[in-house]
Amino acid sequence: MLTRRSSLIAGAALLAAPALAQTFPDRPVRLVVAYPPGGNVDFSARLLAPAMSQALGQQVIVDNRAGAGGIVGTEAVARARPDGHTILITGTAPVSIFPVAMERLPYDPLRDFVPIGMAYRVPIVLMVAKDITARRLADFVAQSKATPGGLSAGTAGIGSGAHLAIELFNAGSGAGLVHVPYRGTGPALNDLIAGTIPVVFDQLSSALQLHADGRARILGIASAARSPLLPEVETLREAGIVQPELSTTLGMLAPAGTPPEVVEKLRSAMAAALSEGLARQRLTALGGEIPPPAQMTSAHYGAVIREELEIYRRAVQLGNVKLE
């Protein structure tokens, strides 16, 4: 039973929420990137921040809070005051992989955040070295099955989205690829170009230039439809490989308890930043698939996170993946 004091506090909170929404934002908004400067998430944040600043009428400041693979910055936003002035821009790992691959995590993506919206997704692709003769995925799978021990497939590391894509690819195709974790995407791609490793799984944005230059070849893409940037490359589903759509998903989150009206202002600013101009051009040129307006909503991004959690939970189980 509520006491008179707790009733007054609850009533004050209900009255304060509309007032906050009317004045928001009344100071700069911090867009937290849980990684060092220079990566894909940081690059995207710096593209979106100027247009969001214009839409909100307050400066949006990119705030890099790196540490523990993205956990430090993500936790900082989860613990921030839920007034919309501190928000997170994030990729897949902190919200969809770590929660199912780590025993202890200082936040829960569904409990501690409210989704603002998904900005874009970049499909994961299967790349092969120049000396791989297969031109279609079916031939590639047959070649791996015929190779004693299976073909080696490199990724940016254990527990990465690309690593879990290999686990799902093997389960859906029977290819028997052997995962070779690297310390980052760069070393894996260098070995692919040199022919030291025959296969690399990575996101489309990292693979496009290598494919265009002929230094490596994109053989398949883990998206629902072919990419307009690579209409000649078949999807894994077209090849009969039973596998979910897999991508690096980038979106924005606010601390749980942020008023819906504030979330909507932030979502609207993000959508405006992606509707036209430099940000949209640069991101789509790198293979980013920007959702249509009807899907650029808080509810849709929340559904995407829940779906990804289930997909990666299965992949973690398949590969017996445990992250510290």
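In this text the structure is predicted, and so the values were computed from the model without any measurement.
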(message) Assess the residue pair Asn40 and Val122 against the criterion (side-chain contact (heavy atoms from CB on, under 4.5 Å)); give the C-alpha distance rounded to whole Å, side-chain angles, the decisive distance to 0.1 Å, and a yes or no.
(response) CA-CA 11 Å; Asn40 286 339; Val122 180; over 6 Å; no
(request) Show the numbers, then the answer: is there a side-chain contact (heavy atoms from CB on, under 4.5 Å) between Leu283 and Leu274? (result) CA-CA 9 Å; Leu283 293 173; Leu274 288 163; 3.7 Å; yes
(message) Run the side-chain contact (heavy atoms from CB on, under 4.5 Å) test on Leu151 and Phe140 for me, step by step, so that the C-alpha distance in whole Å, both residues' side-chain angles and the decisive distance to 0.1 Å come before the verdict.
(response) CA-CA 10 Å; Leu151 291 172; Phe140 169 79; 3.7 Å; yes
(message) If you apply the rule side-chain hydrogen bond (donor to acceptor under 3.5 Å, both in side chains), what do you find for Ser223 with Glu289, and how did you get there?
(response) CA-CA 10 Å; Ser223 55; Glu289 299 176 353; 4.5 Å; no
(message) side-chain contact (heavy atoms from CB on, under 4.5 Å), that's the test. Do Arg215 and Leu192 meet it? Break it down for me.
(response) CA-CA 9 Å; Arg215 289 179 287 168; Leu192 182 72; over 6 Å; no
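Following chains of ILVMFWY side-chain contacts shorter than 4.5 Å, one cannot reach Leu246 starting from Leu286, and the two form parts of different hydrophobic clusters. Residues Leu250 and Val29 are members of one and the same hydrophobic cluster, defined by side-chain heavy-atom contacts under 4.5 angstrom among Ile, Leu, Val, Met, Phe, Trp and Tyr. In the hydrophobic clustering of this structure, Val304 does not group with Ile89; members are Ile, Leu, Val, Met, Phe, Trp, Tyr whose side-chain heavy atoms approach within less than 4.5 Å, directly or through other members. The same ILVMFWY cluster, assembled from side-chain heavy atoms under 4.5 Å apart, contains both Phe98 and Tyr301. Val95 is connected to Ile124 through a chain of hydrophobic side-chain contacts under 4.5 Å among Ile, Leu, Val, Met, Phe, Trp and Tyr, so both are in one cluster.
Within the 4.5 Å cutoff, no side-chain heavy atoms of Arg306 are placed close to those of Glu310. Proximity of Tyr182 to Asp191: side-chain heavy atoms (C-beta onward) are separated by under 4.5 Å at one or more points. Here the side chains of Phe24 and Pro259 are not in contact, with every heavy-atom distance at 4.5 Å or above. Side-chain contact between Pro25 and His85 is present, with heavy atoms from C-beta onward closer than 4.5 Å. Contact of the Ile166 side chain with the Val199 side chain is not registered, since no non-hydrogen atoms from C-beta on lie closer than 4.5 Å. In this structure, the side chains of Asp112 and Glu75 stay at 4.5 Å or more apart for every pair of heavy atoms. Looking at Thr196 and Asn190, their side chains never come closer than 4.5 Å, going by heavy atoms from C-beta outward. Inter-residue side-chain proximity for Pro231 and Arg226 is flagged as unmet; no heavy-atom pair is nearer than 4.5 Å.
The structure places CD of Glu232 at 4.5 Å from NE2 of His211, a figure rounded to the nearest 0.5 Å. To the nearest 0.5 Å, atom CD of residue Glu307 and atom OG of residue Ser96 are 10.0 Å apart. For the atom pair CZ of Arg267 and CE of Met252, the computed distance is 12.0 Å after rounding to the nearest 0.5 Å. Distance check: Met52 CE to Ile87 CD1 gives 4.5 Å after rounding to the nearest 0.5 Å. Rounded to the nearest 0.5 Å, atoms CZ (Arg217) and CG (Leu126) are 10.0 Å apart. A distance of 12.5 Å separates OG of Ser144 from CG of Asp139, quoted to the nearest 0.5 Å.
Within 6.0 Å of CZ on Arg314 lie no more than 12 heavy atoms contributed by other residues, nucleotides or ligands. Counting non-hydrogen atoms of neighbouring residues, nucleotides and ligands closer than 6.0 angstrom, the CZ atom of Arg111 exceeds 12 such neighbours. For Arg27, the CZ atom is densely surrounded, since the number of other residues' heavy atoms within 6.0 Å is greater than 12. Environment of CD in Gln295: crowded, with over 12 heavy atoms of neighbouring residues, nucleotides or ligands closer than 6.0 Å. Annotation for Arg136: atom CZ does not count as buried by contact number, only 12 or fewer foreign heavy atoms lying within 6.0 Å. The number of heavy-atom neighbours closer than 6.0 Å to CD1 of Ile290, taken from other residues, nucleotides and ligands shown, is above 12.
Panel note: side chain Ser275, backbone Ala272; a donor-acceptor pair is recorded below 3.5 Å. Between the side chain of Glu234 and the backbone N or O of Leu137, at least one donor-acceptor pair lies under 3.5 Å. For the pair Asp63 (side chain) and Leu31 (backbone), a donor-acceptor distance under 3.5 Å is absent. A distance-only check finds a donor-acceptor pair linking the side chain of Ser53 to the backbone of Val60 [under 3.5 Å].
Residues passing the side chain to side chain donor-acceptor pair (under 3.5 Å) test with Asn170, sequence neighbours excluded: none.
Side-chain polar atoms of Thr92 and Tyr312 form no donor-acceptor pair below 3.5 angstrom.
Residues Gly150 and Val178 come closest through the heavy atom pair O-CG2, 4.1 Å. Minimum interatomic distance between Ile221 and Ser227 (heavy atoms only, all atoms of both residues): CD1-CB, 3.9 Å. Nearest heavy atoms, Ile97 versus Gly159: CG2-O, 3.3 Å. Closest approach of Pro36 and Asp42 over heavy atoms only: O-CB, 4.0 Å. The two atoms that bring Phe113 and Ala78 nearest to each other are CZ-CB, 3.5 Å, heavy atoms only. Between Ile61 and Pro28, the shortest heavy-atom contact is CD1-CB, 3.7 Å.
Remark: of the listed residues Val77, Val32, Leu88, Val32 is the sole one forming a side-chain contact (heavy atoms from CB on, under 4.5 Å) with Arg65. Evaluated for a side-chain contact (heavy atoms from CB on, under 4.5 Å) with Met127, the options Leu204, Leu210, Leu219, Ile193 yield exactly one hit, Leu210.
Between Phe201 and Phe169, the ring-plane angle classifies as perpendicular under the 30° and 60° cut-offs.
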